Every structure is written in C-alpha cells, then in structure tokens.
Amino acid sequence: MPQPNEDFVGAVLEVVAAIPEGRVMSYGDVAAAIGSRAARGVGQVMAYYGSEVPWWRVVRASGHPPQCHEGRALEFYRAEGTPLVWSRDRSVFRVDLAHARHQPD
DNA sequence: GTCGTGACAGTAG
DNA sequence: ACTACTGCCACGA
C-alpha cells in the first residue's frame, strides 16, 4: 500500500512529521511505512531535509539517535518526555522502543 | 547504466 | 559491549 504518487522524499517527510511527541520510529519503520525498505534512503533524506522535520523522533533500530546529533536529540527527548533508558553509569542512553515506538496503523 | 556514498538493518564472531 | 561483513534502497555525478 505504498503511495507511488508521492516522491520518496515527500513520503518520508510526511511520515516523520506525523510522529507525535514522546514517540519515535526507526528508520526501517519509516521506510516500511512508505512501502519501501530504504532505511538508508530515509537517512539520506533526513540528512538533507531533516532540518524541517522532527528528526529526533527518528532513531535507529537499536534505539540510538542519529550518529551525529545524539547530544542534540537528548534535549528534545527530555523536553517531550520520551521514554529513555540509561546505561548503569548514565554515560549513554537509548530510546525505550518498547514504549516509544510509534506504529502507523 | 554504473559507481560511490550514506543521520540504516541484521547476522556472525 | 564491540567490530566486521553483507544486504537493501535512493540519489547525485
């Protein structure tokens, strides 16, 4: 049920923009949501157009935020109350996908 | 049409 | 926890 009328870029931005606060989606989930498997393609779009979408709501399958903006994303997560799980020494964190994963229908 | 690149995913060790 | 490898897909040159 993909949308061949929408460009890959437009579809990605639409899905990411539809993620509510306190929720996140993995790159693979976003790709699947638009009927594609281009998890990497999603990253490419985010890298270029991410400035205009809540990019921090898109994380990797492991629950880690973008490799280049983890510190930046943490501020957004704190502000939105996104469920996070910290390591024992609180040095690193990851998103609790079990609770924060947003599933588009 | 081919190649290199990438804010990825999954498996193996 | 880590690195290394392969598979996948979109995009620009």
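All of these numbers come straight from a predicted model, not from anything done at the bench. Chain naming here is simple, since letters A, B, ... match the order of the sequence lines and numbering starts at 1 in each.
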Looking at B:dG10, does its base get a donor-acceptor pair with the side chain of A:Arg60 below 3.5 Å? no
Please evaluate the base of C:dC9 for a donor-acceptor partner in the side chain of A:Arg37 within a cut-off of under 3.5 Å?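 No, no donor-acceptor pair under 3.5 Å.
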Checking side-chain hydrogen bond (donor to acceptor under 3.5 Å, both in side chains) between A:Asp29 and each of A:His102, A:Gln103, A:Arg101, which is the one that passes? A:Arg101
Between A:Arg94 and A:Ala39, the residue closer to the 5' end of DNA chain C by nearest nucleotide is A:Arg94
Take the protein atom [atom1] of [X] and the nucleotide atom [atom2] of [N], then report the distance between them rounded to whole Å.
{"X": "A:His64", "N": "B:dA7", "atom1": "NE2", "atom2": "P", "answer": "17 Å"}
{"X": "A:Trp55", "N": "B:dG6", "atom1": "CH2", "atom2": "C1'", "answer": "17 Å"}
{"X": "A:Gln67", "N": "B:dT5", "atom1": "CD", "atom2": "P", "answer": "18 Å"}
{"X": "A:Asp89", "N": "C:dA1", "atom1": "CG", "atom2": "C1'", "answer": "12 Å"}
{"X": "A:Asp7", "N": "C:dC9", "atom1": "CG", "atom2": "P", "answer": "19 Å"}
{"X": "A:Phe8", "N": "C:dC9", "atom1": "CZ", "atom2": "P", "answer": "11 Å"}
{"X": "A:Asp29", "N": "B:dG10", "atom1": "CG", "atom2": "P", "answer": "9 Å"}
{"X": "A:Tyr27", "N": "B:dA7", "atom1": "OH", "atom2": "P", "answer": "9 Å"}

Would you mind telling me which of [options] lies closest to the side-chain atoms of [X]?
{"X": "A:Arg40", "options": "B:dA7, C:dC9, B:dA9", "result": "C:dC9"}
{"X": "A:Ser36", "options": "B:dG6, C:dA10, B:dA7", "result": "C:dA10"}
{"X": "A:Pro66", "options": "C:dG7, B:dA7, C:dA10", "result": "B:dA7"}
{"X": "A:Ser26", "options": "B:dA7, B:dG6, B:dA9", "result": "B:dA9"}
{"X": "A:Met46", "options": "B:dA7, C:dG7, C:dA10", "result": "B:dA7"}
{"X": "A:Ala61", "options": "B:dA9, C:dA10, B:dC8", "result": "B:dA9"}

Of the non-hydrogen atoms in [X] and [Y], which two are nearest, and what is the gap between them?
{"X": "A:Arg57", "Y": "A:Ile19", "value": "NH1-O, 2.8 Å"}
{"X": "A:Val58", "Y": "A:Pro66", "value": "O-CD, 3.6 Å"}
{"X": "A:Gly50", "Y": "A:Trp55", "value": "O-CD1, 3.2 Å"}

Classify A:Ala47 by what it touches in the nucleic acid, base, sugar-phosphate, or nothing, heavy-atom distance under 4.0 Å. base
Both A:Gln44 and A:Val59 contact DNA chain B. Which one's nearest nucleotide lies toward the 5' end?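 Nearer the 5' end of the strand: A:Gln44.
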Taking the inter-plane angle between the rings of A:Tyr77 and A:Phe93 on a 0 to 90° scale, is it parallel (under 30°), tilted (30 to 60°) or perpendicular (over 60°)? perpendicular
